[in-house]
Amino acid sequence: MACGCGGSVSDLPPLGKVSGVVTLDGKPLANARVQFQPPDSRASEGMTDENGAYTLRFDPKNYGAKVGPHVVSVTTRTDGYAKPPQNGQEGEWVKGQPESVPAKYLKPGALTAEVKAGSNTINFDLKN
């Protein structure tokens, strides 16, 4: 008997592997969340490293994004949060990060991309 845990490969839409580099005014944009949202499926996400490089994941087991058009969002903003208490001590506060992506790129539809079958290199060169 098969386990229905986590779905099967046949449940996946056609995916294309997606990676690239995000820069802001020619410099790598580190620690940015990159999200590709197709019109009719779940989003794929990735985080940029210190070189601005990202690779998208569709889910914990599958890399890539659904083949087709996407609205893309890039953000560096994070909310602050309290770490869980330990040894009876109150949890430490972790400060959030401010947004460094210019407002014009934060509007829905400001960035778009087309994902094709196979490997895709999709770079974003943002400007202030």
Side-chain angles (χ1 to χ4, degrees):
M1 196 173 233
C3 173
C5 307
S8 68
V9 174
S10 64
D11 294 338
L12 291 174
L15 300 177
K17 294 196 183 304
V18 180
S19 61
V21 175
V22 181
T23 58
L24 178 59
D25 294 329
K27 296 181 179 137
L29 186 61
N31 301 315
R33 184 171 56 91
V34 180
Q35 182 182 67
F36 278 47
Q37 178 65 62
D40 58 354
S41 183
R42 69 181 296 155
S44 294
E45 291 189 3
M47 289 293 293
T48 60
D49 64 15
E50 64 276 0
N51 300 310
Y54 73 94
T55 300
L56 294 183
R57 285 189 97 125
F58 183 75
D59 62 26
K61 295 181 181 179
N62 297 286
Y63 285 92
K66 183 177 181 196
V67 172
H70 292 259
V71 172
V72 178
S73 65
V74 177
T75 184
T76 58
R77 183 183 173 280
T78 60
D79 293 329
Y81 64 95
K83 288 185 177 178
Q86 291 183 346
N87 302 323
Q89 300 293 318
E90 188 173 308
E92 178 185 346
W93 181 257
V94 177
K95 193 170 132 182
Q97 297 299 313
E99 184 63 75
S100 59
V101 173
K104 63 186 172 186
Y105 298 112
L106 300 175
K107 296 177 182 151
L111 297 171
T112 60
E114 181 77 24
V115 175
K116 296 179 175 28
S119 292
N120 298 260
T121 301
I122 302 175
N123 298 324
F124 296 97
D125 185 19
L126 310 180
K127 308 252 186 246
N128 268 310

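For clarity, every value in this text was computed on a predicted model and none was experimentally measured.
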Cluster check [X], [Y]: I/L/V/M/F/W/Y, side chain < 4.5 angstrom:
X: Leu56; Y: Leu126; value: yes
X: Val21; Y: Phe124; value: no
X: Val67; Y: Phe58; value: no

Using modelled atom types and a 3.5 Å cut-off, is there a donor and acceptor pairing between side-chain atoms of [X] and backbone atoms of [Y]?
X: Thr76; Y: Pro98; answer: yes
X: Ser44; Y: Gly64; answer: yes
X: Asp25; Y: Asn128; answer: yes
X: Gln37; Y: Ser41; answer: yes
X: Asp49; Y: Asn51; answer: yes
X: Thr48; Y: Asn31; answer: yes

Test item: [X] and [Y] side chains (from C-beta on) under 4.5 Å apart, heavy atoms:
X: Pro85; Y: Glu90; value: no
X: Val94; Y: Lys83; value: yes
X: Val101; Y: Ser73; value: no

From [atom1] ([X]) to [atom2] ([Y]), nearest 0.5 Å:
X: Gln97; Y: Arg77; atom1: CD; atom2: CZ; value: 11.0 Å
X: Leu15; Y: Arg57; atom1: CG; atom2: CZ; value: 12.0 Å
X: Gln86; Y: Glu92; atom1: CD; atom2: CD; value: 9.5 Å

So, for [X] and [Y], which heavy atoms are closest and what is the spacing to 0.1 Å?
X: Glu50; Y: Pro28; result: O-CB, 3.7 Å
X: Gly26; Y: Asp125; result: N-OD1, 3.9 Å
X: Lys104; Y: Ala110; result: O-CB, 3.3 Å
X: Val74; Y: Leu106; result: O-CD2, 3.6 Å
X: Leu29; Y: Ser100; result: CD1-OG, 3.7 Å

Anything under 30° is parallel, anything over 60° is perpendicular, the rest tilted; go ahead and classify Phe36 against Tyr54.
-> tilted
Do other residues, nucleotides or ligands put more than 12 heavy atoms under 6.0 Å from the OH atom of Tyr63?
-> no
Considering residues, nucleotides and ligands other than Lys127, do more than 12 of their heavy atoms fall under 6.0 Å from its NZ?
-> yes
Excluding sequence neighbours, so at least two apart, what forms side-chain contact (heavy atoms from CB on, under 4.5 Å) with Glu45?
-> Arg33, Gln35
Contacts of type side-chain hydrogen bond (donor to acceptor under 3.5 Å, both in side chains), residue Tyr81, not counting sequence neighbours | none
